Amino acid sequence: MTMKSNYLTISLRLLAFCCAFTHPGLLHTDADFTRIQSKVSSKIEPWLTGWYKLTNSSFASLSYTSNPQATVFRGDDGVHTQNYASLYKDIAAAYAMAIRWKVSGDTSYADKALTILDGWSSTLTAVDGTADRFLAAGIYGYEFANAAEIMRTYSAWPAAKYQMFSNMLVDIFYPMNHDFLTNHNDAAIDHYWANWDLCNIASMLSIGILSDNQTMYDEAVNYYKTGGGNGQIGKAIWHLFTVDGESLGQGQEAGRDQGHSMLDFALLGPIALSGYNQGNDLFVYLTNRILAGAEYVAKYNLGYDVPFTTYTNSDVTQTVISNNSRGDVRPIWELLYNHYGVLKGLNVTWTKKYRDFVVEDGSGAEGGGGDYGTESGGFDQLGYGTLMYTL
Ligand SMILES: *[C@@H]1O[C@H](CO)[C@@H](O)[C@H](O)[C@H]1NC(C)=O
Ligand SMILES: *[C@@H]1O[C@H](CO)[C@@H](O)[C@H](O)[C@H]1NC(C)=O
Ligand SMILES: *[C@@H]1O[C@H](CO)[C@@H](O)[C@H](O)[C@H]1NC(C)=O
Ligand SMILES: *[C@@H]1O[C@H](CO)[C@@H](O)[C@H](O)[C@H]1NC(C)=O
């Protein structure tokens, strides 16, 4: 579909149903699923390899066993055993199972996804731990909403069960997202690195769309544009350079390490795409600021020099870019490459090179949860980008 007709479809939709949200409309739309089903059933690359990457995963297997917890703990509080791995693994499984059903039509995967989602919504009462509980509320809030947004298109999910799941996100995750973006755990407004704000923005935005709450959605979008903390886009990618006629944006975490710098893009992509799928183009905001940041981080992590300007906040002054974890690999590049490069036709030189680098590393396609290590970092993004985002 061309960009123009895409805009037209979205504006017509908004005109026809003023103020309603499009569903499914977080990371994936109906049009996306139609494209993916058709490419996979016709065995066309690279979707086919992306599909095998998913179907090969133990997280997309009917023998997966979920493990819902009443209270999830993240961060060592000296008292409780951290159990948040159960949550991020179950979300990875629910998401993989949901896609497997949508693309293959095999309802045993839909039923399996619902066992996981309903299991959590009937068990979870709190997310707790150290300050890290806010990372859990952010990252897992937005990921969970995405699994449910796909499953709400399954007619056999009883409305009451869907409501129970949505309520879990609205009652447990959203209040923590709101609290963090409002109070920042009582720290200085510039204390928490960008990814803390970004994951909470992503969660608030996603839960707002899932639960059809315009107030919540607006709160997230407004924070993204004008919020006081480091996740506000103008602070997350805060300094622009022009190199060879191309815009490169220094990220707020560039002087910290590259793993977290990359995590910021793992979150910015989904925030922008979820807004875009609701007719609100956050990719283009501040002259394609996310792309400038992606080009900067990709170029440096590929081994090239990038300019750096001194970064100062209440806690640190950084005079050089950090080479810690340089070359960090996450399945987050297909989304950015396909949107900015393929759909918008912009210069994505370094973003494309990083996509190629990650895809080669993943045997021809971006994988998902479990394919990039067993630690939480391997589950900080939903992945499967080659299958889901290739246009
Ligand atoms: C899927 O698994 C098979 C068998 O282990 C392997 O040969 C193939 O390369 C895998 N495909 C992908 C895309 O990971
Ligand atoms: C929407 O979310 C806001 C919190 O931002 C809440 O105050 C309001 O009651 C919610 N609206 C509905 C209809 O649930
Ligand atoms: C795109 O950006 C690259 C890297 O900065 C630059 O070398 C190239 O000339 C640019 N291409 C165009 C068509 O502007
Ligand atoms: C990494 O950065 C440190 C501090 O700037 C520097 O001393 C070191 O040489 C760098 N290492 C590499 C491999 O570039």
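Values in this document were obtained by computation on a predicted structure and should not be read as measured data. Whatever order the structure lists them in is the order used to number ligands and atoms, beginning at 1.
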- Hey, is atom 4 (C) of ligand 4 under 4.0 Å from any protein heavy atom? no

- Query: Would a 4.0 Å cut-off, counted as strictly less than, catch a protein heavy atom around atom 14 (O) of ligand 1?
  - Reply: yes

- Is the backbone N or O of T386 less than 3.5 Å from a side-chain atom of T390, with the two atoms forming a donor-acceptor pair by type? yes

- Query: Which ligand 1 atoms does T49 reach within 4.0 Å, using its non-hydrogen atoms?
  - Reply: 13 (C)

- Any atoms of ligand 1 less than 4.0 Å from a non-hydrogen atom of N56? List them with their elements. 1 (C), 2 (O), 3 (C), 8 (C), 10 (C), 11 (N), 12 (C), 14 (O)

- Taking atom 12 (C) of ligand 4 as the reference point, the nearest protein heavy atom with its distance: N323 ND2, 3.2 Å

- Task: Look at atom 7 (O) of ligand 4 and say whether a protein heavy atom is found at less than 4.0 angstrom from it.
- Result: no

- H23 vs F21 aromatic rings, parallel, tilted or perpendicular, using cut-offs 30° and 60°? tilted

- Task: Please say whether the positively charged group of R326, taken as NZ for Lys or CZ for Arg, lies over the ring of Y300, i.e. under 6.0 angstrom from the six-membered ring centre and within 45 degrees of the axis.
- Result: yes

- Per-residue contact class, E219 against ligand 2 - non-hydrogen pairs under 4.0 Å: side chain

- Is K353 close enough and on-axis enough to W350, meaning under 6.0 Å and within 45°, for cation-pi? yes

- Message: For ligand 2, which is the ligand I care about here, please tell me if Y174 has any N or O atom under 3.5 Å from one of the ligand's N or O atoms.
- Response: yes

- Item | Nearest-contact summary for atom 10 (C) of ligand 2 - protein heavy atom, Å | N213 ND2, 2.4 Å

- If we only count heavy atoms from C-beta on, is the I209 to Q278 side-chain gap below 4.5 Å? yes

- Query: Is K225 close enough and on-axis enough to Y285, meaning under 6.0 Å and within 45°, for cation-pi?
  - Reply: yes

- Hphob cluster co-occupancy, F73 + I91, side-chain heavy atoms under 4.5 angstrom: no

